[in-house]
Protein chains: 2
Amino acid sequence: MGTADGDSTAVGARKRAARPRQGASMADVARIAGVSSQTVSRVSNGFPGVNEETRRQVLAAMRELGYRPNSAARALRRGEFRTLGVITFSLSTMGNIRTLEAIATSAAQHGYAVTLLPVAVPTQDEVNGAFSRLGELAVDAVIVIMEIHLLDAATVSLPPGVQVVVADSDAGDRYTVVDTDQAGGARDAVRHLLDLGHDTVWHLAGPEDSFAAQRRANAWRSTLAEAGAVPPPLVRGDWSAESGYRAGLRLAEQQDCTAVFAANDQMALGLLRALHERGRKVPDDVSVIGFDDIPESASFLPPLTTIHQDFAEVGRLCVEGVIGKMRQDGTAHGTTLVPTRLVQRRSTAPRPERRGGQDLSDSSVVGPEGGLQPPPVVER
Amino acid sequence: MGTADGDSTAVGARKRAARPRQGASMADVARIAGVSSQTVSRVSNGFPGVNEETRRQVLAAMRELGYRPNSAARALRRGEFRTLGVITFSLSTMGNIRTLEAIATSAAQHGYAVTLLPVAVPTQDEVNGAFSRLGELAVDAVIVIMEIHLLDAATVSLPPGVQVVVADSDAGDRYTVVDTDQAGGARDAVRHLLDLGHDTVWHLAGPEDSFAAQRRANAWRSTLAEAGAVPPPLVRGDWSAESGYRAGLRLAEQQDCTAVFAANDQMALGLLRALHERGRKVPDDVSVIGFDDIPESASFLPPLTTIHQDFAEVGRLCVEGVIGKMRQDGTAHGTTLVPTRLVQRRSTAPRPERRGGQDLSDSSVVGPEGGLQPPPVVER
DNA sequence: GCTCGTAATGTTTACGTAAACATGCGCTGG
DNA sequence: CCAGCGCATGTTTACGTAAACATTACGAGC
């Protein structure tokens, strides 16, 4: 009879499968240890006022039963989840990933878990969807890693009490923002090339709708202007190595182009390939500098001089910022900039004309020493 | 008197800051809508048995109050969190990241959130730590993206009822595993080079303690053996482009080395640089094939022929596997292999001797058509 | 006209935890 | 010698939700 009724058995099985996870509760531990559940709670949370002997008994009972605090009950009681939500576009760019990783690590150190909210495609609908899902999600605060303009137009309001910090973006008066010092990095890149004697610097920019790309391009233009150099027409890419390659084919035709600042390392990679294919030697004929310092860039042909971004620091500051805001109902919005640093490898060299007509392959001239204000990292 | 006591005021403020997140509860909605909270619950969960008119009123009240279900209470009541935990080493490899992304996307589609559990360094202590933190975490199931041997030695037992699926690893009899068909991919890579006429194929392997590296190396060896080729000494790297470069400097000395299978694209990148620096032309003198098909590999010098891994599929299968196991108390362990595919670009070519002494740069010979069983993707 | 079934809604209860408050006990000081 | 204090521990309660059970109301069938 016990197994006769197929239907009810199936229901029973489903029930059993759905609910065996709840192992022991505080009450169970309390019973074994011969104390009240409140004492178990005190031990569990490391509160004072528990006799050492009692504490040992409770801990023993916990071990025996394999007790794990139920985080749902805990969250319900405390009113907080100890969880941070991270909204990000598909983890396509290295920068986002490294930032995310730093966020996760830093959050763990602060006793917070991290919940991922991927946005498949960067459309307004998707972003709105992510924000409304957020409402039901067990998160105390949110870190957004994305270009802000989509966020601005988001029609869904955040749940009350949920703090937000935005990484890698702009608009510091509306949200708290942590970002790499895009402008500073771009300025250093352009100055580095100018200091090497190049008359001007071409720019292979990122896509128009990216704030980061915009700010790098603006800094490029203004640094050239400050130096009295004539800005060449801007060349547009889309961050991908492939787009860098296509742009590079065009740049290779420009005989007066001796120095290029690529807005990221991937595009620089494609650029290097195009220049190589067209017989323009790097750095002898053309100097190339990138941005990001992805791990592979040290192995490009030639190893890429680039602007290093400290994504780990960005992530860390995001977490500390958002936790800080939670602690003291922070409402002040502002922007924190994380400095970059120039990593000098072998894709940049003095302007060709200066080095005379002979093909002097004196390698010491490759690493120029003079003219740089902040001491750059050479190789690594 | 109300504001006289500074201390109590401070406490009050802290309380207010710590607990305003709980907006409206079901009871609040119920009061506004003039129904019981149970009816609100029914509407909230889309259950039947609610009059259409009543439902509209409740929904209106929800909107008015900005009601959001409290996921902690919900989880406590239901006994499940609708959350998946993902344990992974620092997101250093592209494969892990892409897998993670696919997991997050797929989980969202199934109504699950994803919580990240980063393990800073791959030591036993760290892994144990992650697993014990897991116990307190609000997760129903876990996906582990890591080499399993550390998992094997993990002393911390998983909370009961928490299902596990392992990605990118081995040991299918102990856990449910989803992995790329490492062996198949490696076999295709080696066969591709043999079919091009190379006498044998060198292998630039990943680190010894990686199962993926082991399996690729084993498949390399056995494929050579099947073909009656003599396996050259194995060259060891550590996945990084830098290690590929160092290995490449050594390989460049081997005049009989005409074909190299690198265990990942990063090492292939370093290898290309070393060969270039030592004047060994790719693919004219040496053919190089990679593994992974990272986005940049199409822009290497030359564009890299490689084995494409479908990380998205791996992630998707992980999620579906783990959810399936939860649904029907699955205990059967097994391994699901995701097939790879050969992406033919320009870093592989027929063996030099076959092409005669003259430096014939006929490009049509670069893309060999014959001899491959599975139709490879050419370029992309 | 009464019972019965069904649809719509309400009431009670329990999930596991932890704050708030209550109890008991031993010791100190006047 | 006992008021009073402080420590260790116990009891009550509430967090928001949803299952289980209870209660209406109304119409069909006899």
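Lettering follows sequence order; numbering is per chain, from 1.
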Checklist entry - Any side-chain donor paired with an acceptor under 3.5 Å for Thr83(A) and Thr115(A)? => result no
Checklist entry - Counting distance only, does the side-chain N/O of Asn51(A) pair as donor-acceptor with the main-chain N or O of Glu53(A) below 3.5 Å? => result yes
Checklist entry - Should Thr176(A) and Val164(A) count as side-chain neighbours, where that means a heavy-atom distance under 4.5 Å? => result no
Checklist entry - Rounded to the Å, how far apart are Met26(B) CE and dG10(C) P? => result 14 Å
Output one line per pair: protein atom, nucleotide atom from nucleotides 23-27 of chain D, and distance, for all N/O pairs under 3.5 Å.
none

Checklist entry - How long is the gap from OG1 on Thr88(B) to CG on Leu116(B), to the nearest 0.5 Å? => result 7.5 Å
Checklist entry - Taking only side-chain nitrogens and oxygens of Asn70(A), does any of them come within less than 4.0 Å of OP1 or OP2 of dC15(C)? => result no
Checklist entry - How sharply is the helix from dG1(C)-dC30(D) to dG30(C)-dC1(D) bent, taking the axes over five pairs at either end and rounding to 10 degrees? => result 60°
Item to check | side chain to side chain contact (heavy atoms under 4.5 Å, CB included) partner of Leu59(A), chosen from Gln57(A), Arg55(A), Arg56(A) | outcome: Arg55(A)
Checklist entry - Are the side chain of Asn70(B) and the backbone of Ala72(B) linked by a donor-acceptor contact shorter than 3.5 Å? => result yes
Return the polar atom pairs (N/O with N/O) between nucleotides 7-10 of chain D and the protein under 3.5 Å, or none.
unit_1	atom_1	unit_2	atom_2	d
dT9(D)	OP1	Thr54(A)	OG1	2.3
dT9(D)	OP2	Asn51(A)	N	2.7
dT9(D)	OP2	Thr54(A)	OG1	3.3
dG10(D)	OP2	Ser36(A)	N	2.7
dG10(D)	OP2	Ser36(A)	OG	3.1
dG10(D)	OP2	Thr39(A)	OG1	2.9
dG10(D)	N7	Arg42(A)	NH2	3.0

Checklist entry - Between dA19(D), dG16(C), dA18(D), which nucleotide gets closest to the side-chain atoms of Phe47(B)? => result dA19(D)
Next on the checklist: I need the single residue from Ile87(A), Val165(A), Ile103(A) that forms a side chain to side chain contact (heavy atoms under 4.5 Å, CB included) with Ile145(A). Which is it?
Outcome noted: Ile103(A)
Next on the checklist: Taking any heavy-atom pair under 4.0 Å as a contact, classify Ser25(B): base, sugar-phosphate, or nothing.
Outcome noted: sugar-phosphate
Next on the checklist: Distance alone, cut at 3.5 Å: any donor-acceptor contact between the side chains of Ser44(A) and Arg74(A)?
Outcome noted: yes
Next on the checklist: What is the separation between atom CZ on Arg31(B) and atom C1' on dG16(D), rounded to the nearest whole Å?
Outcome noted: 13 Å
Checklist entry - Rounded to the Å, how far apart are Arg78(A) CZ and dG16(C) C1'? => result 12 Å
Item to check | Spacing of Arg82(B) atom CZ relative to dT17(D) atom P, expressed in whole Å | outcome: 16 Å
Checklist entry - Which pair of non-hydrogen atoms, one from Thr105(A) and one from Pro118(B), has the smallest distance, and what is that distance? => result N-CG, 4.0 Å
Next on the checklist: What is the separation between atom CG on Asn45(B) and atom P on dG16(D), rounded to the nearest whole Å?
Outcome noted: 17 Å
Item to check | Rounded interatomic separation in angstrom, taking CZ from Arg68(B) and P from dT17(D) | outcome: 13 Å
Checklist entry - Which residue, Pro69(B), Ser36(B), Ser41(B), forms the side chain to side chain contact (heavy atoms under 4.5 Å, CB included) with Met26(B)? => result Ser41(B)
Next on the checklist: Measuring from the side chain of Leu76(A) (C-beta onward, heavy atoms only), which nucleotide among dC15(D), dA14(C), dA18(C) has the closest atom?
Outcome noted: dC15(D)
Checklist entry - Are Glu101(A) and Arg98(A) within salt-bridge range, i.e. N to O under 4.0 Å? => result no
Checklist entry - Please give, in whole Å, the distance from dT17(C) P to Arg77(B) CZ? => result 15 Å
